[in-house]
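For reference, the structure discussed in these notes is given below.
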Amino acid sequence: MQPRLISGESVQEVFLLFINKSGRSADIFWINYNGEQKYFGTIEPGAQKKINTFSNHPWVFRSKITGEKLHIENKDILWQLQAFIMAEQLDVSFVFTSR
């Protein structure tokens, strides 16, 4: 059985810039402390969105029309940003695309 995906403690703040290169309108969802997806906005194709979050908070991106998961950094969930914090990259940009 796979462990349940939830947000961890809000300790290390990070500032993210999401860039939509998928060619589709994308809905952004934060996975909260109960494992529920909370709608955080929509990014249109070619647009960007800045988000303040924490290193161990997971994010999911879905096509606004079909609900299909979009990929970010070749994964369908953005999570565990500690690698960027270790590299002292507290301001990080991510591009998401269709499969």
Side-chain angles (χ1 to χ4, degrees):
M1 178 182 239
Q2 211 172 3
R4 189 168 157 209
L5 184 64
I6 61 170
S7 282
E9 281 188 68
S10 301
V11 176
Q12 179 64 58
E13 189 173 23
V14 292
F15 305 94
L16 305 178
L17 174 65
F18 297 121
I19 304 166
N20 184 353
K21 292 192 177 180
S22 71
R24 300 191 258 178
S25 297
D27 288 337
I28 304 168
F29 295 91
W30 168 59
I31 310 293
N32 72 10
Y33 303 101
N34 296 318
E36 302 162 337
Q37 292 187 18
K38 296 295 181 179
Y39 175 73
F40 221 79
T42 299
I43 307 176
E44 297 302 326
Q48 306 177 25
K49 186 168 183 81
K50 293 179 183 179
I51 293 181
N52 296 352
T53 187
F54 293 88
S55 63
N56 54 356
H57 286 196
W59 294 87
V60 174
F61 304 84
R62 295 185 177 278
S63 165
K64 184 158 189 69
I65 295 172
T66 67
E68 174 188 9
K69 281 188 179 177
L70 300 175
H71 287 169
I72 187 159
E73 301 296 308
N74 297 315
K75 298 178 183 168
D76 60 2
I77 298 171
L78 177 64
W79 191 34
Q80 298 178 331
L81 297 169
Q82 286 86 352
F84 294 99
I85 291 166
M86 296 293 285
E88 297 183 5
Q89 295 177 2
L90 299 182
D91 297 308
V92 183
S93 296
F94 290 100
V95 174
F96 56 93
T97 60
S98 300
R99 290 183 204 235

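Numbering of residues begins at 1 and proceeds along the displayed sequence. This is a predicted model, so every value here is computed, not measured.
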Look up atom [atom1] in [X] and atom [atom2] in [Y], then write down how far apart they are to the nearest 0.5 Å.
X: Lys64; Y: Thr42; atom1: NZ; atom2: OG1; result: 3.5 Å
X: Glu36; Y: Ile6; atom1: CD; atom2: CD1; result: 11.0 Å
X: His57; Y: Leu16; atom1: NE2; atom2: CG; result: 11.5 Å
X: Asn20; Y: Leu70; atom1: CG; atom2: CG; result: 7.0 Å
X: Lys50; Y: Ile19; atom1: NZ; atom2: CD1; result: 11.0 Å
X: Thr53; Y: Phe40; atom1: OG1; atom2: CZ; result: 7.0 Å

So which atom in [X] and which in [Y] form the shortest heavy-atom distance, rounded to 0.1 Å?
X: Ser55; Y: Val14; result: N-CG2, 4.1 Å
X: Glu9; Y: Asn56; result: O-OD1, 2.7 Å
X: Asn52; Y: Glu13; result: CB-OE2, 4.1 Å
X: Val11; Y: Phe54; result: N-CD2, 3.7 Å
X: Leu5; Y: Ile31; result: O-CG2, 3.3 Å

**Asked** Parallel, tilted or perpendicular for Trp30 and Trp59, by the 30°/60° rule?
**Response** tilted

**Request:** Compare all side-chain heavy atoms of Ser25 with those of Ser63 and state whether any distance is below 4.5 angstrom.
**Result:**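 No. Closest side-chain heavy atoms not under 4.5 Å.
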
**Asked** Arg62 and side chain to side chain contact (heavy atoms under 4.5 Å, CB included): which partner among Val60, Thr66, Ile65?
**Response**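 Of the listed residues Val60, Thr66, Ile65, the side chain to side chain contact (heavy atoms under 4.5 Å, CB included) partner of Arg62 is Val60.
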
